[in-house]
Amino acid sequence: MEPQYDHNKYEGEIYNLWEKSESFKPSLKGEPYTILMPPPNANASLHAGHAMYTVDDILIRFKRMRGYSTSWIPGMDHAGFETQFVYEKHLAKDNKSRMDFDRETLYKNIFDFVKENSGLIYKQFKRLGFSADWSKSIFTLDDNVVKYVNKTFEKMEKEGLVYRDSYIVNFCTHCGTSLAELEVKHVERIDPLYYIKYGPFVLATVRPETKFGDTAVAVHPNDQRYKNFIGKEIEVEGLLGKFTLKVVADKAVDPEFGTGVVKVTPGHDPVDWEIGKRHNLEIKSVIDLRGKLTSLAGKYEGLNVKDARIKVAEDLQKINLIEKIDKNYLHSVITCYKCGRDLEPLTVPNWFIKVKDLKNEVKKVVENEKIKFYPKRFKKHMLAWLSVMHDWPISRQIVWGIRIPVWYDIDKNKDIIVSFIDKRGNKKFGNIHDFDFSEVEKGLQTVRASVNSNYIISTTKPNGKFLPETDTFDTWFSSGQWPLVVIPENELSSRFPTDFIGTLSDILKFWISRMIMFSIYLKKDIPFKDVYLWSMVADSKGMKMSKSKGNVISPIDLIDKYGADSLRMSLIYGTPAGSKVILSDEKVKAMRNFSNKIWNLGRYLQLSFEKNKEISFEKPKSIEKEDEKIIRELDTLTLSVTKSLDKYNLNTALENIYEFAWHNFADIYIERTKERIENKNISGLYTLKHVYLTILKLLHPFAPFVTEAVWLELRYLKDSNKNLINTSWPL
RNA sequence: GACCGCUUGGCUCAGUUGGUUAGAGCGUCUCGUUUACAUCGAGAAGGUCGGGGGUUCGAAUCCCUCAGCGGUCACCA
């Protein structure tokens, strides 16, 4: 053995050994123990956060050694919007965008792009030593997953859990598409702020042209000035004559801003939309998908937004309804990342899931701890989120995902707005009935059918003039069904519910809650028993790692430099569940030193036994006091490590092993018995071997490579010829 | 603004149901060893456990309060 542990020499070789011996596949004997791997993005490459999957690997290795039939099931997610966004950046290099392609072509291109870039992350997982059953991996766009997800939608629709309603999105009236928060560019700008007379009130707005869509005015519930108006109707004089509006009280109103009174325009402002939801207000669309005012604007119909704003303001001034104009109002507006124009918050038709009954079932299992959270405080988080969870809009106006399996008969629906690439390659946008059907069908990009449209559910195209729904499911709609699609059919009865799932707290509500919801709905059972919150990986200053901050540390670099074991241990040592890990070079280095310590203890053992080849290493009849003591301490350690791992206190377990191996065993016991070992003391030699091999077993889940490496080197000393990964836990 | 959490030696954090001299890693200092390991060993310095108040025989640990920090959500018409 070399004087220093060289991880580069062993890691690859050892991983191959494990894979070749099929050690990651569940054993035939033993109680099932199952962990689902949260599917990483198919085209992702490893970042520091993924390294926290180490927690799962430690548990699966621990349970494997304890004799369970372990299965850690991996998979990959198509990651809807995020992937499409990445792909678009790629397109932008050639000066193109998604608007240049019809739907089908775009989908195919992204598919190829993802295929080309996928698989990398599994290679990187293997560098970390992850012992997942790779042969079970599935992708969220695999045929059987798509089939399953569609079936769920169909079932929900049949049972009245699906409905159509409008939903407010950021829409680019130039590009003819809605944009996700990621694509939106916030720009600071100075615009006039108009103080408009509104019946008994004066209120401030930058958007007078949307006043035709006002369906209420709102004040803060505690605002003394307007207390007497709350709940009453007020009469307002406007450009199109007099009308009445209700006064509602809502916490969203800032009494300090302007006059403390706001007009509520649910159809064209996200905040107002929320207020509208809370107070059951009517939604009036005064701006259409092309950015022009609708018939609700009376004589202003047909004007585009910018012109309308100027005209409306002028006309209001003429009839003395504007009190004053603040010309230096600095605010932030949202613009299209692509064309730079202002985005219009608009309501577009969407598909919704009624969650009330579904979420109550989730609440129950969380409340009575059929599903437990580690650490416990996340139970509260989950319950808090569940109580405010509203109906779930599941449509996404993107291509990359599972298309909602719905078709519209164009003869039965008068107002279907389509965008498509025509036969000359030009982008067109308008009502289907103004175009040639087959041309639209060929170059189809998007279909927007109004909320009350007639539709049928089908995964294949029906006969006749049908256009498909072009929205796709929210990624969480499919990944929420992950536990139900990823476990092989023949193992469902034994492996569902699964035992453990690890995740980051930021997707607790998106993902964990939905998985519970779908499992109870579809299988009448919980999907997993324990939810463990990984810690967030931060840089040495405690800042969350992100590309935009430029403080990203590549786990692979750290592995190259210090070894996988060192990285793994530095993520666990000193880090309880659900906290923050400071990942710094120094810490990984400290763990590298520990790996080397383990290696050298093995080396000492080897040298000692080489000098004493003639002696039997079996347990002698009498054990000396000093030896008895360390063995007793070892037994205590074994017990406490086992307990800690059972309770998911991985940090405590590792810290105890570290402390014992280094400061009890190496520093004290070995130093004191060196003379006895020199003198071929049988009790000492046996104890040395016994304690060391036990430490290797205890440490193996945390540092699989170095422990396996020494185990191999000490082949002739072992009590079994199994690899360390397959030996049994020393308890 | 709402909710949750945090505040322990220079830095990063442990500290289980309140119980003897409050721990670790990194860093600092002194000394040592060079046939297990310098990716080492021995030792040392360094904390009135954020401030104040309370409960208790006893509080880093429970309660109240103030201050600071962080996270999540909601917002800036």
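Just so you know, these numbers use all the heavy atoms, side chains as well, and skip hydrogens, waters and symmetry mates. Labels below follow one simple rule: chain letters A, B, ... track the order of the sequence lines, proteins then strands, and each chain is numbered from 1.
- In this structure, of B:rA36, B:rU72, B:rC26, it is B:rU72 that holds the atom nearest to the side chain of A:K509.
- Within 4.0 Å of A:Y562, counting heavy atoms only, lies no atom of the nucleic acid at all.
- The distance between atom CD of A:E675 and atom P of B:rU35, rounded to the nearest whole Å, is 18 Å.
- Between the P atom of B:rC37 and the CZ atom of A:R592 lies a distance of 16 Å, rounded to the nearest Å.
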For the pair A:Y226 and A:F201, evaluate side chain to side chain contact (heavy atoms under 4.5 Å, CB included) and give the outcome as yes or no after the intermediate values.
CA-CA 9 Å; A:Y226 308 115; A:F201 308 122; 3.5 Å; yes

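- With both pairing distances under 3.5 Å, B:rU55 is matched to nothing as a Watson-Crick or G-U wobble pair.
- Counting heavy-atom neighbours within 6.0 Å of A:K246 NZ, excluding the residue itself, gives a total of 12 or less.
- Residues A:K647 and A:Y5 each lie close to RNA chain B; by heavy-atom proximity, the contact nearer the 5' end of the strand is made by A:K647.
- Within residues 594-611 of chain A, the residues that place at least one heavy atom under 4.0 Å from RNA chain B are, in residue-number order, A:N596, A:K597, A:N600, A:L601, A:R603, A:Y604, A:L607.
- Base pairing analysis places B:rU16 opposite nothing; no Watson-Crick or G-U wobble pair with both distances below 3.5 Å involves it.
- Atom name P, nucleotides B:rG1 and B:rG58: the rounded distance is 39 Å, in whole Å.
- Between A:W273 and A:Y167, the ring planes are perpendicular. Angles over 60° get that label, and only those under 30° would be called parallel.
- Look at the C1' atom in both B:rG70 and B:rU30: the space between them is 40 Å, to the nearest Å.
- Taking the C1' atoms as reference points, B:rG23 lies 27 Å from B:rG71, given to the whole Å.
- Comparing B:rA36 with B:rC40, their P atoms sit 16 Å apart, to the nearest whole Å.
- Atom CZ in A:F378 sits roughly 13 Å away from atom C1' in B:rC6 (whole-Å rounding).
- One N or O on the side chain of A:H268 and one on the backbone of A:P345 form a donor-acceptor pair closer than 3.5 Å.
- Below the 3.5 angstrom threshold, one finds a donor paired with an acceptor across the side chain of A:E671 and the base of B:rA36.
- A 3.5 Å limit on both hydrogen-bonding distances identifies B:rC11 as the Watson-Crick or G-U partner of B:rG25.
- Residue A:L508 contributes atom CG, which lies 13 Å from atom C1' of B:rC4 at whole-angstrom precision.
- On the C1' atoms, B:rC4 is 23 Å away from B:rU12, given to the nearest whole Å.
- A gap of 15 Å separates the P atoms of B:rG10 and B:rU28, to the nearest Å.
- Base pairing of B:rC73: its partner is B:rG1, meeting the Watson-Crick or G-U wobble criterion (both donor-acceptor distances under 3.5 Å).
- When the C1' atom of B:rU12 is taken as reference, atom CD1 of A:I572 falls 16 Å away, rounded to whole Å.
- At whole-Å resolution of the value, CZ in A:R207 and P in B:rA77 are 12 Å apart.
- In this pair, A:Y5 and A:W599 present their aromatic rings tilted. The plane angle is within the 30 to 60° band.
- Shown here, B:rA36 forms no base pair; nothing in the strands shown gives a Watson-Crick or G-U wobble contact with both key distances under 3.5 Å.
- Relative to the six-membered ring of A:Y604, A:K674 meets both conditions, a distance below 6.0 Å and an angle of at most 45° to the axis.
- When rounded to the nearest whole Å, the span between NZ of A:K263 and P of B:rA77 equals 13 Å.
- Look at A:N593 and you'll find a side-chain N or O under 4.0 angstrom from OP1 or OP2 of B:rC40.
- For A:H663 and B:rG25, the shortest distance from a side-chain N or O to OP1 or OP2 is below 4.0 Å.
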Side chain to side chain contact (heavy atoms under 4.5 Å, CB included) assessment of A:F62 paired with A:T642:
CA-CA 9 Å; A:F62 168 61; A:T642 309; 4.1 Å; yes

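- Of the candidate nucleotides B:rG25, B:rC40, B:rA42, B:rA42 has the atom lying nearest to any side-chain atom of A:D667.
- When the C1' atom is compared between B:rG54 and B:rA14, the two are found 28 Å apart, to the nearest whole Å.
- In terms of position along RNA chain B, the nucleotide closest to A:H381 lies nearer the 5' end than the nucleotide closest to the other residue of the pair A:H381 and A:K587.
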Could you walk me through whether A:D565 and A:M591 pass the side chain to side chain contact (heavy atoms under 4.5 Å, CB included) test, one step at a time?
CA-CA 8 Å; A:D565 294 322; A:M591 291 302 136; over 6 Å; no

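- Of the nucleotides present, none pairs with B:rU48 by Watson-Crick or G-U wobble criteria with both distances under 3.5 Å.
- Candidate nucleotides B:rA14, B:rC26, B:rG41 were compared by shortest atom distance to the side chain of A:E655, and B:rA14 ranks first.
- For the P atoms, the distance from B:rG53 to B:rA60 is 14 Å, rounded to whole Å.
- A salt bridge links A:K611 with A:E678: the closest approach of a Lys/Arg side-chain nitrogen to an acidic carboxylate oxygen falls below 4.0 angstrom.
- For A:V262, the side-chain atoms get nearest to B:rA77 when compared with the rest of B:rA77, B:rA42, B:rC26.
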Can A:L698 and A:F660 be said to form a side chain to side chain contact (heavy atoms under 4.5 Å, CB included), step by step?
CA-CA 11 Å; A:L698 294 178; A:F660 177 83; over 6 Å; no

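- Straight-line distance from the CG atom of A:L571 to the C1' atom of B:rC13: 15 Å, rounded to whole Å.
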